[in-house]
Amino acid sequence: MMFTQALKHLVLILGGIVVLAPFAVMLSYSLKSPGEIERGTGGFFGAQAPMVDAMCFARNQPDRAALEAARADPPGQSDDVILDRLEAERRDACSMRPAVFNYTKAFTEAPLLRYLLNGLIVTLSIFVIQVVVALPAAYALAKLRFWGRDAAFALVLFCLLIPVNAVALPLYLGLAKLGLTNSYAALVIPWTISAFGIFLMRQFFMSVPDDLVDAARMDGMGEFAIVWRVMLPTAIPALVAFAIFSVTAHWNDYFWPRIVITGDRDLFTPPLGLREFQAGADGSLYGPMMATATIIVIPLIAAFLLAQRRFIEGIALSGMK
Amino acid sequence: MTQGRTALLLGAPALVLMMAILILPILAAVILSFTDYSLGASGIRWVGFDNYGRIFGSSTYEKMLVATATYVAVVVPASIGLGLGAALLIQSLSRGAAFYKSVYFLPVMATLLAMTIVWQMMLHPTIGVVNRGLLAVCGVLPEGVCPAEMPLWLGDRDYAIWVTCFIGVWQSFGFNMVLYLAGLSGVPRELYGAAEMDGARSAWERFRLVTWPALRPTTMFVLITTSIRAFQTFDTVEVLFSPGGGPAKSVYLMMFAIYEKGIVQNLVGIGAAITVLFLISVMALTVLQRRIAERKAL
């Protein structure tokens, strides 16, 4: 029995190594110097020996004023000595530890902060609009009696079969005709309708007792008020799961932003920014590129590790999609 | 106000958006697939089944169909098998289950684009850790066991598709594991006792007679999701094999073809035709699997 348990752990650990390998490489490269990455030396953390930022070094050529100042202090040196000294100073000023270099470069080489902000704006807008659209519809399907309700629900079920990515081409053409490509609207619009969200909320509302709705009507509440002040609070657990599912999917999405954002860097989402970085990176920027990757991947992983059960529930929901 | 009018009011935004974003584009794709339309062109010409003829007649698109079929046929069973295997192992542990569960779920959460770039670096023929590791192992092994040259991986047409499949499985099996763990927790314990009384002594017999049938709904569910996701694979191909779709177009998956033909090269007609084939495959798969699931449930 002990033996089988040990064997199971062995298999799972070997699997775990393969699963975690890219994460380890990403983290490790984000800390190392270009030389260490190329030679495969330095262990996990790298030696962290100070390195000179070649671009900073090239950029800060001493100007005439600096030369004059150096010549005067102290006076009477030969030009070679002065130039050597200035170069040494420049080298010093531009040297830093590889880890610092990589993470600084990640933010200075490209407007990464802007990308992250875009990612936040887009994911949150998508989620909020999805809820604003889906919740009233779900309430109508679950709690109101009207002609055509079955047909409407059948339509929702049919839409569940359609992956939005699959109709990307006609959607893109439509947005292009409307002149909406390269805008936040283009990033958000295709995801505003979530048939899955409607389905999920409808199933949830079916389990809410009719008495609750009737009581609210007795109190003189309008239907809108019922949706937002009575139904919404009952649906919080389902909404949290849906939020996790939605935010994860759109933070990580690359396909759609790739299509509708062409060139305008101010609208890049994090994955687009990283891809651009990769396309332009020569070997010396592997470290900063991996630092960028780490920064993009970390928020969700951190949130996941903090609230694992909720996350797993939320993501598993998408299986119903 | 009657309930009908209220419902219309509440449901209108959803209805309009469903029509505009999901239903109309399907119709548009079907119509466009019979034309030679391109964005910005002044004219549009009806070309009948020409676009479909080209898809089934030219070697480029034949490669696309083969690559997509290969990818789905490898990733789906592998991802389901590993997911189930991991779930069975983890569930039978006396300690450490939560740890493995989190570890295996990490790739599902992580941005696939970023992780693909990392895999690309790892698979670099000379400075990648994969070939470095293989070289180190080969240094210990007797001569002749290892090939003289290390594989190029992504640059080699014999490896490229399998590496892409591997990344697909790596990314997705944790998701299936979680669903199977949920499924396993719902299998009644008494069934195992009953099976043992009936003579199911070995673990395999118990799995075959109790666990596997009890997991059938989960398996159906997992099969649908994994297939649809496999069909939609784009990020890995775009990062690793853009433009073109890999050595000898061996990794020219459908989603990538739609993007490259329909959007990058503005060959809308062809892109639309691939879109239609794609939609038919995915929707047929889903409907079929739901049917099977319903019949089995009866």
Side-chain angles (χ1 to χ4, degrees), chain A residues 5 8-9 11-12 15-16 19-20 22-23 25-26 38 40 133-134 136-137 139-140 144-147 152 155 159 161-163 165-173 176 190 192-193 195 198 223 227 248 252 254-255 259 271 274-275 278 286 293 296-297 300-301 304-305 308 312 315-316 319, chain B residues 3-4 6-7 10-11 13-14 17-18 21-22 25-26 28-29 32 39 86 89 92-94 96 100 102-115 117-119 121-122 127 129 132 170 178-179 221 225 228 232 234-235 255 258-259 262-263 268 271-272 275 278-279 282-283 286:
Chain A
Q5 283 284 322
K8 282 172 183 167
H9 279 289
V11 173
L12 286 168
V19 167
L20 289 182
F23 294 98
V25 168
M26 178 174 75
E38 202 166 314
V133 171
Y139 167 74
L144 298 179
R145 273 180 300 276
F146 58 95
W147 181 85
L155 180 69
C159 286
L161 298 178
I162 309 166
N165 281 344
V167 288
L169 178 59
L171 276 179
Y172 161 77
L173 294 172
T192 49
I193 180 74
I198 299 178
E223 298 291 321
V227 172
T248 308
N252 289 338
Y254 171 62
F255 179 69
I259 288 177
L274 178 60
R275 178 72 173 93
Q278 183 221 19
Y286 279 163
I296 292 172
V297 170
L300 282 180
I301 301 266
F304 164 64
L305 292 177
Q308 293 185 40
I312 290 175
I315 306 288
Chain B
Q3 291 209 346
T6 313
L10 292 175
L17 287 172
M18 258 192 282
I21 291 172
L22 296 169
I26 293 185
L32 287 170
L39 198 61
L89 279 178
S92 68
L93 288 181
S94 43
Y100 293 114
S102 319
V103 167
Y104 286 11
F105 198 70
L106 275 184
V108 181
M109 295 290 314
T111 313
L112 179 58
L113 178 97
M115 301 321 289
I117 293 176
V118 179
W119 275 114
M121 295 182 66
M122 293 171 72
I127 68 166
V129 296
R132 278 228 172 90
W170 170 84
V178 162
L179 293 179
F221 194 59
T225 347
I228 292 176
Q232 289 191 57
F234 172 80
D235 299 13
M255 212 57 198
I258 293 176
Y259 166 73
I263 290 163
V268 173
T275 297
F278 184 93
L279 276 169
V282 168
M283 290 169 87
T286 315

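Order of the sequence lines fixes the chain letters, A, B, ..., with proteins taken first and strands second; residue numbering starts at 1 for each chain.
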| request: Grab the two heavy atoms, one from B:Ala110 and one from A:Ile301, that are nearest each other, plus how far apart they are. | output: CB-CD1, 4.2 Å
| Interface moiety of A:Phe23 toward chain B, non-hydrogen atoms closer than 4.5 Å | both
| request: Using a 4.5 Å cut-off on heavy atoms from C-beta on, say whether the side chain of A:Met26 contacts that of B:Met121. | output: no
| said: Shorter than 4.5 Å, heavy atoms on both sides: which option in B:Gly96, B:Gly4, B:Gly271, B:Ser94 has the most such pairs with chain A? | reply: B:Ser94
| What distance separates B:Thr275 OG1 from A:Leu171 CG, expressed to the nearest 0.5 Å? | 10.0 Å
| query | Closest approach of A:Val133 and B:Ala14, non-hydrogen atoms and distance? | reply | CG1-CA, 3.5 Å
| remark: Here the pair of heavy atoms bringing B:Ile263 nearest to A:Tyr172 is CG1-CD2, 3.8 Å
| note | Most contact-rich option vs chain B, by heavy-atom pairs under 4.5 angstrom, among A:Leu173, A:Asn252, A:Val297, A:Thr192, is A:Asn252
| If you measure from OG1 on B:Thr111 to OH on A:Tyr254, what distance do you get to the nearest 0.5 Å? | 12.5 Å
| query | Taking B:Ala28, B:Pro25, B:Gly262 one by one, which has the highest count of heavy-atom pairs under 4.5 Å against chain A? | reply | B:Pro25
| Atom group of B:Ile258 that falls short of 4.5 Å from chain A, counting heavy atoms | side chain
| query | Rounded to the nearest 0.5 Å, what separation is found between the CG atom of B:Leu106 and the CG atom of A:Leu305? | reply | 6.0 Å
| note | Okay, A:Ile198 and chain B: the region with an atom under 4.5 Å from a heavy atom over there is side chain
| query | A:Leu169 versus B:Leu32: any side-chain heavy-atom pair under 4.5 Å? | reply | no
| request: Enter the distance from B:Ile117:CD1 to A:Leu274:CG here, rounded to the nearest 0.5 Å. | output: 4.0 Å
| Heavy-atom proximity to chain B below 4.5 Å, by part of A:Phe304 | side chain
| said: Using heavy-atom distances under 4.5 Å, tell me whether B:Leu279 contacts chain A through its side chain, its backbone, both, or neither. | reply: side chain
| message | Looking at B:Gln3 and A:Arg145, would you say the former's side chain and the latter's main chain have a donor-acceptor pair under 3.5 Å? | response | yes
| request: Would you name the heavy atoms of B:Met18 and A:Cys159 that are closest together and state the gap between them? | output: SD-SG, 3.5 Å
| request: Identify which part of A:Ala134 has an atom lying under 4.5 Å from any heavy atom of chain B, answering side chain, backbone, both or neither. | output: neither
| query | Which heavy-atom pair separates A:Pro163 from B:Gln232 by the least distance, and what is that distance? | reply | CB-NE2, 3.2 Å
| Heavy-atom side-chain proximity of A:Tyr139 to B:Leu10 below 4.5 angstrom | yes
| message | Can you tell me which portion of B:Val103 sits under 4.5 Å from chain A's heavy atoms? Options are side chain, backbone, both or neither. | response | both
| message | Can you tell me how far apart CG (A:Leu161) and CG (B:Leu22) are? Round to the nearest 0.5 Å. | response | 10.5 Å
| said: Quick check for you: among A:Val11, A:Leu155, A:Ile296, which has the greatest number of heavy-atom pairs under 4.5 Å with chain B? | reply: A:Leu155
| field | Taking every non-hydrogen atom, the tightest pair across B:Tyr100 and A:Leu12 | value | CE2-CB, 3.6 Å
